[in-house]
Amino acid sequence: METLSENACFGGVQGVYRHASLATQCDMTFGLFLPAEAKDGPVPVLWYLSGLTCTHENAMTKAGAQVWAAEQGIALVFPDTSPRGADVADHDDYDLGQGAGFYVNATQSPWAPHFRMWDYVADELPALLAENFPIDAERQSITGHSMGGHGALTLAMNLPGRFRSVSAFAPIANPTGSDWGRKQLSAYLGEDKAGWEKHDATLLMKATGFDGPLLIDTGTADQFIDLLRPEALAQAIAERRQQAITRMQPGYDHSYFFVSTFMEDHVTFHAEALYGD
């Protein structure tokens with residue numbers, strides 16, 4: 001693992017690191033914020049999964065999460081959104097290929113050799129963090145924005161017991177029901193729609209739900225709201241009587257201005273679960 005940068009940040013350290021990934025068969029870069037408390041021992045961790053076109057850097061520099069994580073004594077992990085490199089398949093459309101991994105393990109050509117973001121985020125990167133940093137693997141929560149909100153919700157519901165809480169900012173909530181999902185899931189996973197179900201938060205909510213608290217914020221002025229389909233997930237939450245807070249925020253769009261506005265709420269929400277019994 002290579003240290004690319006480490007900067008003092010709200011009493012802690014914001015680092016950026018690169019390593020050779022077995023899952024994606026290429027070098028991967030991630031950001032990690034460690035609060036001051038990490039000097040004395042392992043701290044709980046909040047995963048932040050970013051959206052389409054983003055790298056590890058977007059949320060790390062725009063979401064304003066470190067100040068609230070430092071206040072709560074929580075580490076933040078900012079993984080990249082896809083494999084990258086000259087040998088990694090790409091696409092002319094921004095919502096497919098590099099920057100658009102959709103947190104799945106691709107089975108189709110030309111994506112299968114590198115696009116294994118599920119294994120990377122669920123298994124490889126957590127093991128790397130536990131081995132090299134003072135992270136408390138028993139106290140983890142997860143959040144994300146847009147495509148990353150989709151990833152956060154699907155990981156949380158597919159990995160029972162892993163995360164104490166889950167939240168999302170404007171998640172792609174029902175990808176099998178919109179063009180932000182059907183396009184990518186068919187490209188990465190093929191046309192057998194049964195294989196898509198574990199990557200659809202609405203279908204997972206109907207099937208299993210999440211054993212813990214959930215918070216979702218979406219802006220009423222979100223320019224992609226018809227592709228996100230928040231109403232489908234809200235209906236599934238209501239039908240399941242899932243422990244959840246779902247909010248439509250008046251006037252907010254899909255940008256990091258929206259994310260940063262409600263970041264304090266989300267970090268505080270997760271801190272209650274991470275430090276609870």
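In what follows, residues are counted from 1 in the order of the sequence shown.
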Quick one: does N174's side chain have a donor or acceptor within less than 3.5 Å of a partner on L228's backbone? no
Do you reckon L49 sits in the same ILVMFWY cluster as F115, going by side-chain contacts under 4.5 Å, direct or chained? yes
Between the side chains of Q14 and N7, is a donor N or O closer than 3.5 angstrom to an acceptor N or O? no
Tell me, with the steps shown, if K198 and W118 meet side-chain contact (heavy atoms from CB on, under 4.5 Å). CA-CA 11 Å; K198 68 175 287 188; W118 182 276; 4.2 Å; yes
To the nearest 0.5 Å, tell me how far L159 CG sits from I142 CD1. 8.5 Å
Check this for me: K206, atom NZ, are more than 12 non-hydrogen atoms of other residues, nucleotides or ligands nearer than 6.0 Å? no
Please enumerate all residues that pass side chain to side chain donor-acceptor pair (under 3.5 Å) together with H56, with sequence neighbours excluded. none
Same cluster (ILVMFWY, side-chain, under 4.5 Å), V166 and F169: no
Taking every heavy atom of S82 against every heavy atom of G99, the minimum-distance pair comes out as OG-N, 2.7 Å
Give the minimum heavy-atom separation between P110 and A89, together with the two atoms involved. O-CB, 3.6 Å
Between F78 and F30, does the ring centroid distance fall short of 6.0 Å? no
Would you check if F210 and Q243 make a side-chain contact, meaning some heavy-atom pair closer than 4.5 Å? no
Hey, what do you get for NZ (K193) to CG (L203), rounding to the nearest 0.5 Å? 12.5 Å
Go through the structure and list residues passing salt bridge (Lys or Arg N to Asp or Glu O under 4.0 Å) with D211, not counting sequence neighbours. none
Is there a donor-acceptor pair under 3.5 Å between the side chain of Q184 and the backbone N or O of G181? yes
Which residue pairs pass the salt bridge (charged side-chain N to carboxylate O under 4.0 Å, His left out) test with at least one member in residues 84-104, sequence neighbours excluded? D80-R84, D93-K183, D95-K183
Can you list the steps and then say if V88 with Q98 is a side-chain contact (heavy atoms from CB on, under 4.5 Å)? CA-CA 8 Å; V88 177; Q98 294 189 38; 3.7 Å; yes
Hey, does the side chain of T220 reach the backbone of G251 with a donor-acceptor pair shorter than 3.5 angstrom? yes
Indicate if L125 and L4 have the same hydrophobic cluster label, given that clusters are the connected sets of ILVMFWY residues with side-chain heavy-atom separations under 4.5 angstrom. no
Do the side-chain N and O atoms of Q72 and Y275 include a donor-acceptor pair separated by under 3.5 angstrom? no
So P175 and H150, do their side chains get closer than 4.5 Å, heavy atoms only? yes
How about E231: does its CD atom have over 12 heavy atoms from other parts shown lying under 6.0 Å from it? yes
Between Y120 and H19, ring centroids under 6.0 Å: yes
Under 3.5 Å, side chain of R164 to main-chain N/O of R139, donor-acceptor pair present? no
Is there a side-chain contact between V43 and P134, using heavy atoms and a 4.5 Å cut-off? no
If I compare all heavy atoms of D123 with all of R162, which pair ends up nearest, and what's the gap? OD1-NH2, 4.1 Å
Does CZ in F257 sit with more than 12 non-hydrogen atoms of other residues, nucleotides or ligands closer than 6.0 Å? no
Just by distance, with hydrogens left out, do E197 and T176 show a side-chain donor and acceptor under 3.5 Å apart? no
Side-chain donor-acceptor pair present, S165, H270, cut-off under 3.5 Å: yes
Same cluster or not: L155 versus L214, using hydrophobic residues (I, L, V, M, F, W, Y) connected whenever any side-chain heavy atoms lie under 4.5 Å apart? yes
Establish, yes or no, whether a centroid distance under 6.0 Å links the rings of Y103 and H199. no
How about CD on E2, more than 12 heavy atoms from neighbouring residues, nucleotides or ligands closer than 6.0 Å, or not? yes
Which atom names give the shortest non-hydrogen contact between T143 and S167, and what distance separates them? OG1-OG, 2.7 Å
Between T154 and A201, is there a donor-acceptor pair closer than 3.5 Å when you use the side chain of the first and the backbone of the second? no
Check this for me: does any side-chain nitrogen of one of R241 and E239 sit under 4.0 Å from a carboxylate oxygen of the other? no
Ignoring hydrogens and geometry, is there a side-chain-to-backbone donor-acceptor pair from Y188 to G97 under 3.5 Å? yes
Evaluate side-chain contact (heavy atoms from CB on, under 4.5 Å) for W111 paired with L96, printing each intermediate quantity in order. CA-CA 10 Å; W111 314 107; L96 191 65; 4.0 Å; yes
On a heavy-atom basis, the closest approach of A70 and P35 is CA-CB, 4.4 Å
Do D27 and S21 come close enough that some side-chain heavy atom pair is under 4.5 Å? no
Interatomic distance, CH2@W180 vs OG@S146, rounded to 0.5 Å, equals 4.5 Å
Out of curiosity, S50 OG to E57 CD, how far, rounded to the nearest 0.5 Å? 10.5 Å
Aromatic ring pairing H254/H145, orientation class (parallel under 30°, perpendicular over 60°, tilted between): tilted
Rounded to the nearest 0.5 Å, the SG atom of C26 sits from the NE2 atom of H114 at a distance of 6.5 Å
So L233 and I237, do their side chains get closer than 4.5 Å, heavy atoms only? yes
Cluster question for you: counting only ILVMFWY and a side-chain heavy-atom cut-off of under 4.5 Å, with indirect links fine, are L128 and Y48 together? no
Side chain to side chain, W47 and S141, heavy atoms closer than 4.5 Å: no
Stepwise, does the side-chain contact (heavy atoms from CB on, under 4.5 Å) test hold for T55 with T29? CA-CA 9 Å; T55 68; T29 302; over 6 Å; no
Find out whether V267 and M263 are in side-chain contact, i.e. whether some heavy atom of one side chain is under 4.5 Å from a heavy atom of the other. yes
Separation of L129 CG from L34 CG (nearest 0.5 Å): 9.0 Å
With a 4.5 Å limit on heavy-atom distance, are the side chains of L76 and L32 in contact? no
If you look at every heavy atom in G149 and A168, which pair is closest and at what distance? CA-CB, 3.9 Å
